[in-house]
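Just so it is clear: chains get the letters A, B, ... in the order the sequence lines come, proteins before strands, and each one is counted from 1.
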There are 2 protein chains.
Amino acid sequence: MTRKTFRRLAKDDRRHGLLEATLDCIGEHGLNGASARRIADRAGVTPGLIRHYFGSKDEMVRAAYAYLMEQLTDRAEEAARDASQDPDEALARFIGANVMTPSLSVRHVSLWATFIGRVESEPGYSTIHRDGYREFLEALERLIHPVLAAHGRPADPATCQGLAIAMNGLIDGLWIEGSLGHGLYDPARLPRIVLAAAEGLLRLPDQTLLRHLPALAPT
Amino acid sequence: MTRKTFRRLAKDDRRHGLLEATLDCIGEHGLNGASARRIADRAGVTPGLIRHYFGSKDEMVRAAYAYLMEQLTDRAEEAARDASQDPDEALARFIGANVMTPSLSVRHVSLWATFIGRVESEPGYSTIHRDGYREFLEALERLIHPVLAAHGRPADPATCQGLAIAMNGLIDGLWIEGSLGHGLYDPARLPRIVLAAAEGLLRLPDQTLLRHLPALAPT
DNA sequence: CCCGCTGTTATACAGTCGTGCAACAGTCGG
DNA sequence: CCGACTGTTGCACGACTGTATAACAGCGGG
């Protein structure tokens with residue numbers, strides 16, 4: 001029995017590989033089937049490394065949750081970042097991007113849901129969840145405020161936050177159901193649906209957001 | 001070693017007890033920690049019964065998912081059933097009830113999310129998910145249509161479905177985040193937020209739904 | 001009252017779980 | 001080219017997993 005050959009990787013590379021393998025396994029087999037052995041296999045290492053890098057499997061899974069949330073919020077904010085100077089277009093881009101590929105992803109929704117299910121009882125999860133949610137909410141508020149102001153609608157902080165909360169719910173809900181692909185409707189309808197809903201929700205004139213729909217075409 | 005005393009229950013009672021215990025365990029410990037022994041313990045029986053009633057643990061968990069979805073849709077439709085004849089009020093009640101106790105429940109959201117995370121890969125789950133989603137969507141369409149018609153807004157099937165999809169997203173998203181109680185805002189604000197958003201989304205005149213807010217006070 | 005049906009328990013089994021630990025082997029500085 | 005540091009492996013351990021099966025006991029029908 002010959003010993004497995006291996007390469008010594010930089011600390012961050014190995015951590016990254018393990019986290020990615022953890023998410024892969026959880027996405028495919030759930031927290032159940034994501035055993036230390038299976039994750040190590042997927043990462044191309046032996047289970048002992050988990051202890052070496054994360055102390056325990058639970059700790060690694062927790063780190064994977066944080067890593068996932070980072071990915072999700074980064075991706076969301078990226079859509080707004082490369083938006084034009086036009087506040088309407090920036091908001092439309094942000095909202096639309098969240099219900100289109102690559103955001104619309106079964107893998108991401110499955111992972112997100114799996115972790116959400118443990119937020120209440122797993123120590124440390126609630127902080128990760130709250131931070132991600134807050135970040136998303138604040139990004140939304142930053143995008144909504146100038147749009148409201150430009151159209152002469154009330155934009156005090158309380159109003160703005162309430163609208164951001166509703167908008168976040170709208171986006172999240174459509175993101176989840178759209179990603180799961182139950183076949184009840186064509187997900188390609190989602191950008192139009194969500195932008196029309198957002199216009200109404202914010203009491204914006206017709207086409208304020210919808211006219212930027214063509215700009216959302218997948219590059 | 002004395003043998004455990006027991007009562008012979010009606011088939012449905014025992015099944016119900018096991019399903020409820022299954023959901024309890026999954027809610028508290030996730031699909032991971034919900035072992036056959038722990039579930040049996042919670043139900044006050046021995047693990048062997050699982051095989052007797054469901055054939056296997058996986059089959060029981062699947063049945064528990066279907067059982068949960070039935071509970072959730074029943075509860076949602078109940079809110080609309082005991083609504084008055086006024087279409088506006090019926091819609092307002094339905095929407096509002098979904099972001100208030102008892103619908104706003106960490107246990108329910110945790111369970112829902114845990115199962116959603118497995119919809120993609122676990123055989124049979126997607127059907128349960130789709131059926132529940134379709135039922136919710138259709139209930140929403142039935143409530144939205146008369147409201148649109150009464151206010152002279154376009155109410156063709158395609159428009160109606162699109163609005164129901166958006167409304168469902170809005171409700172789901174707020175239900176999830178509101179139930180998790182992250183402390184970023186007071187969940188008591190949700191009924192007002194969701195009704196205001198729904199009015200805008202459907203392009204209804206101000207206060208069409210919001211004026212029924214007082215009628216939603218927890219009985 | 002007691003027999004028989006069957007819902008229920010108890011036990012055993014092979015497999016997998018997470019992880020602690022000692023030995024190994026890559027890799028880098030000298 | 002060699003020595004030393006440490007990232008990585010391999011294995012062992014006890015606990016726990018799901019489930020098969022045989023023995024038991026509650027309960028209704030006669």
Think B:His52 has a side-chain N or O under 4.0 angstrom from the OP1 or OP2 of C:dT8? no
5' priority, DNA chain C, between A:Asn32 and B:Gly48 [closest heavy atom]: B:Gly48
Heavy-atom side-chain proximity of A:Phe136 to A:Ile171 below 4.5 angstrom: yes
When the ring planes of A:Trp175 and A:Trp112 are compared, do they come out parallel, tilted or perpendicular, using 30° and 60° as the limits? perpendicular
Side chains of A:Ser121 and B:His29, heavy atoms from C-beta outward: is any pair under 4.5 Å? no
Can you measure A:Phe54 atom CZ to C:dG18 atom P for me and round it to whole angstrom units? 15 Å
Nearest whole Å is fine: how far is D:dT8 C1' from A:Arg15 CZ? 17 Å
For the residue pair B:Tyr67 and B:His16, is the inter-centroid distance of their aromatic rings smaller than 6.0 Å? yes
Test of understanding: with salt bridge (Lys or Arg N to Asp or Glu O under 4.0 Å), list the residues that count as partners of A:Asp172, not counting sequence neighbours. none
Can you confirm whether B:Arg107 sits close enough to A:Glu120 that some side-chain heavy atom of one is under 4.5 Å from a side-chain heavy atom of the other? no
What residues 55-63 of chain A contributes to the DNA chain C interface at heavy-atom separation below 4.0 Å is A:Ser56, A:Lys57
Residues in residues 19-30 of chain B with a heavy atom under 4.0 Å of DNA chain C, by number, are none
Distance in angstrom units between B:Tyr53 OH and D:dG18 P, rounded: 20 Å
More than 12 heavy atoms of other residues, nucleotides or ligands under 6.0 Å from CZ of A:Arg192: is that the case? no
For atom CG of B:Leu49 and atom P of D:dG26, their distance in whole Å: 14 Å
If you look only at pairs with a residue in residues 158-168 of chain B, which of them pass as a salt bridge (charged side-chain N to carboxylate O under 4.0 Å, His left out), with sequence neighbours excluded? none
A:Arg8 side chain reached by A:Arg14 side chain, heavy atoms, under 4.5 Å: no
Main chain of B:His108, side chain of B:Ser105: is a donor-acceptor contact present, judged purely on distance under 3.5 Å? yes
Determine the contact category for B:Leu9: base if any of its heavy atoms lies under 4.0 Å from a base atom, sugar-phosphate if only primed atoms, P, OP1 or OP2 are that close, otherwise nothing. sugar-phosphate
Taking the side chain as C-beta and beyond, is there a heavy-atom pair between B:Glu141 and B:His145 under 4.5 Å? no
Residues touching DNA chain C, which here means a heavy atom under 4.0 Å, drawn from residues 35-44 of chain A: A:Ser35, A:Ala36, A:Arg37
Quick tally for nucleotides 25-30 of chain C: nucleotides whose base has a protein heavy atom under 4.0 Å get B, sugar-phosphate-only ones S, the rest -, giving BBS---
Please examine the side chains of A:Arg142 and A:Glu77, heavy atoms only from C-beta on, and report whether any two atoms are closer than 4.5 Å. yes
Atom NZ of B:Lys11 to atom C1' of C:dT8: distance rounded to whole Å? 16 Å
In this structure, are over 12 heavy atoms from other groups packed under 6.0 Å from A:Lys11 atom NZ? no
